[in-house]
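Data first, discussion second: the structure below is written as structure tokens.
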Amino acid sequence: MKPPIAQKIFKQREIHGDVFIDDYDWIKDRSNPDVISYIEAENDYTQHTMAKSSDLQNTLYQDMLGRLKEDDSSHPVQRGDYFYYTRTEAGKEYPIYCRKHKSLDSPETILLDANLEAEKHAFYTISAFQVSPDHQRVAFAVDLDGSESFQLLIKDLNSGEIIDNLTRQACTFMEWSNDSQHLFYTVVDRSLRPYQLYRYSLDQADNNLLLYTETDAAFFLQLEKTKDQQYILINLVNFTTTEVRYLQANAPLEPVQIFQARRPEIIYKIAPQGDRFFILSNYRSPQFSIMTASVGQTEAEHWQDFYQPPAQVKLDAIEVFQNHLAIYEREVGVLQIRILEIASGKSQRIALPEKAYLVTPAANPISETHSFAFQYSSLVQPLSIYRYDMQAHELSLEYQKDVPNYDPADYHSDRLWVDVAGVQVPISLVYKKSLRQAGPQALHLYGYGAYGTNVDPYFSTPILSLLDQGFVYAIAHVRGSGLLGPHWYADGKLQNKKNSFVDFIACAEHLITEGYTSSQQLSIEGRSAGGLLIGAVANLRPDLFQAVVAEVPFVDVTNTMLDDSLALTVTAYEEWGNPTQAEDYHYMRSYSPYDNVSAQAYPHLLAISGMNDPRVTYWEPTKWLARLRAHHTGSQTLMLKTNMNAGHMGASGRFEYLKETAFKYAFLIQAHQNAL
């Protein structure tokens, strides 16, 4: 079966003196039946090409399934007199939301079984499951097609009835007032930006009141209830600036108040404790520091210094408890947890066992406590919940996810450093000890490097199936993330974006030089903005890689950033630049993967797309694949797989997700064997 060839329809883009011929612009019109026909033809070609790997796909899927505990339960969290948790059942795709009263030995009450509703839909995701403080109702958001346009529902937990169906344009941010009579929730605009705050009141006739509208298209509106239950925070954020407004959770009819008006380049987060606030901000230090402010005097001029981290340490987050702070900080890119006694100022770090890992706060709903929980995982250790006694300085394992057919002693993880013109770039990697060869072997390198987002090494059961096939798995922590501090992010965005590509190529070359792999055995992967990274390096060094996987890749950078009606475009100006400005346009034009496809031999390539994706629209990878195929001079196979019933996150069911992953891994294995 020959690959489909997309029709060319001439369209010219001319801006800032630059002329670009975009023959595939017509693919943006999803109402055109020729567009759907072309995408379906690409899917048919991909399925045909991969058909001979069906046994391999099934083997990989069964291997992943063998490490999935089908009858499983999350770690319960106590809220008031109830223990809340989710569980899954054998053969069922979706979670069941449950609780028990006063004791884990009490009878179970099922609050919501997602499997029952999901039977009616090809896609089904529940988000923001919020039980009211009186435990009588639950508000939750449902996405029925992957478009991230949520339907907001309220269910009566006594009768089991859906008592209110508020809106189809909700977001996943919602919080209850303390009297359980008012629900605060956000609504999105046409570009799916959460921008309005509403108060829905169960006990009032005029029960749906607009409280706030964020008019600056560069800002998102997010909601958060503080740990002490005093405030509902309205966080107005973009990538460089923050403004916090707040409501009294005990006085839900009172007006919204402002904490500190936004100032360019000033980021801050707040957490109350009694009559004061702790503030984590870059106001006085680019590495962030902790300050305090009294209620009623919250302007930045009144902030008092409380804790300044040592040099080269970046503060990521804080949790406030009655007598202690838990501070999540990074040193040389590695997350640490520091416990600080508020009264004395004394502090110490919790000793953690590995070189690289991921730690995040666990559910800690009570602030009046001397112990707290955090989540830990690494490339070899499954998700674990530890509890730390901040007075006794004792650490205990409270929960670890059960992974059948897995022994962590069989695998080894490490962190390497690569010199890139004097800049040290870290790589995390993992492999199965018994399959580590003396010479080069198959290696799969992942990268992201955007928005200051860190891809910390975390545990993934599907990756084990790739390791068991003899692969090494690695993560290149390139500039554009925030792993090594604010400068690491700044050095990989805007006019410095190409540093991300330089770093990734250097990491690939280092892994080859050090004997881990060879260019004939090296595959790469990136997702979303990481797809831009992968697309750019595929243009720059196609000879360096055997195979490329690009999931929902942001590859048509210039065209997307010129269209301010799309989700995330305006908010992303501070990441990529504003192409209405000549300097920004020419720079992004010089690296945009779609714009820079050229006549050369590309590696084997699988692009994965979601038809309902609001973040990276389906037409980006579709146009890119069409343009690649028109310029490709080699014999390597180029494929596009579009999920017609999903969005940015892929399949919603846990088994369907594993099948999609098995498909991707089968592609990689076949590409390494030149069997496509």
Side-chain angles (χ1 to χ4, degrees), residues 79 84 86 94-97 99 110-214 220-225 232-237 245 247 249 252-253 256 567 612 614-615 646-649 652:
R79 299 183 186 277
Y84 289 89
T86 61
Y94 298 95
I96 302 169
Y97 296 79
R99 73 181 178 190
I110 294 178
L111 309 181
L112 186 66
D113 186 345
N115 297 282
L116 299 179
E117 288 299 318
E119 291 175 356
K120 308 169 188 176
H121 307 282
F123 184 98
Y124 189 83
T125 295
I126 290 177
S127 298
F129 193 85
Q130 295 279 13
V131 177
S132 60
D134 64 4
H135 307 279
Q136 301 301 303
R137 302 173 187 86
V138 61
F140 59 101
V142 176
D143 182 357
L144 299 178
D145 58 11
S147 67
E148 300 181 52
S149 182
F150 290 88
Q151 180 180 7
L152 178 56
L153 305 169
I154 299 178
K155 182 178 181 178
D156 187 306
L157 295 178
N158 294 312
S159 67
E161 296 179 357
I162 300 297
I163 57 175
D164 286 291
N165 185 339
L166 297 184
T167 176
R168 186 69 178 89
Q169 294 297 320
C171 194
T172 57
F173 300 109
M174 60 186 75
E175 296 289 349
W176 289 96
S177 62
N178 289 343
D179 63 6
S180 300
Q181 295 302 303
H182 308 275
L183 180 71
F184 298 91
Y185 67 94
T186 57
V187 167
V188 296
D189 63 12
R190 63 189 177 95
S191 66
L192 297 181
R193 175 183 67 99
Y195 81 118
Q196 288 185 327
L197 172 66
Y198 278 82
R199 183 182 66 223
Y200 175 76
S201 302
L202 293 167
D203 58 353
Q204 295 180 14
D206 184 14
N207 63 359
N208 219 13
L209 183 66
L210 175 63
L211 299 182
Y212 180 81
T213 298
E214 176 51 56
F220 290 88
L221 191 160
Q222 303 171 348
L223 288 185
E224 172 192 0
K225 197 172 190 180
I232 295 172
L233 304 182
I234 305 155
N235 297 317
L236 305 164
V237 300
R245 298 174 182 242
L247 292 153
L253 302 183
V256 174
N612 300 324
R615 303 188 188 207
H648 196 68
M649 302 304 173
S652 57

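The figures that follow rest on heavy atoms only: side chains count, while hydrogens, waters and symmetry mates do not. In this text the structure is predicted, and so the values were computed from the model without any measurement.
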Going from [atom1] on [X] to [atom2] on [Y], what distance comes out if it is rounded to the nearest 0.5 angstrom?
| X | Y | atom1 | atom2 | value |
| --- | --- | --- | --- | --- |
| Leu152 | Ser127 | CG | OG | 11.5 Å |
| Gln222 | Leu233 | CD | CG | 11.0 Å |
| Ile110 | Leu157 | CD1 | CG | 12.5 Å |
| Asn235 | Phe173 | CG | CZ | 9.0 Å |
| Ser147 | Leu192 | OG | CG | 7.0 Å |
| Ile154 | Leu183 | CD1 | CG | 5.0 Å |

Can you name the closest pair of heavy atoms from [X] and [Y] and give their distance?
| X | Y | value |
| --- | --- | --- |
| Ile96 | Asn115 | CG1-ND2, 3.8 Å |
| Arg137 | Asp156 | CG-CA, 4.5 Å |
| Thr86 | Pro95 | CB-CB, 4.3 Å |
| Ser201 | His182 | OG-ND1, 2.8 Å |

Quick one: does any side-chain atom of [X] pair with a main-chain N or O of [Y] as donor and acceptor, under 3.5 Å?
| X | Y | result |
| --- | --- | --- |
| Glu161 | Ser159 | no |
| Arg99 | His135 | yes |
| Glu214 | Leu221 | no |
| Ser180 | Asp134 | yes |
| Asn207 | Leu202 | no |
| Ser652 | Tyr124 | yes |

For this session: Show your working on side-chain contact (heavy atoms from CB on, under 4.5 Å) between Leu112 and Val138 and close with a plain yes or no.
Result: CA-CA 9 Å; Leu112 186 66; Val138 61; 6.0 Å; no
For this session: Walk me through it: do Ile162 and Lys155 pass the test side-chain contact (heavy atoms from CB on, under 4.5 Å)?
Result: CA-CA 4 Å; Ile162 300 297; Lys155 182 178 181 178; 3.8 Å; yes
Problem set entry | Verdict with supporting geometry, Arg199 and Leu253, side-chain contact (heavy atoms from CB on, under 4.5 Å) | CA-CA 9 Å; Arg199 183 182 66 223; Leu253 302 183; 3.6 Å; yes
For this session: Could you label the plane-to-plane angle of the Phe140 and Phe129 rings as parallel, tilted or perpendicular, counting under 30° as parallel and over 60° as perpendicular?
Result: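 Judged by the thresholds at 30° and 60°, the geometry between Phe140 and Phe129 is tilted.
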For this session: In sequence, state the C-alpha distance, the side-chain angles, and the governing distance for Leu236 and Tyr212, and then conclude on side-chain contact (heavy atoms from CB on, under 4.5 Å).
Result: CA-CA 11 Å; Leu236 305 164; Tyr212 180 81; 3.5 Å; yes
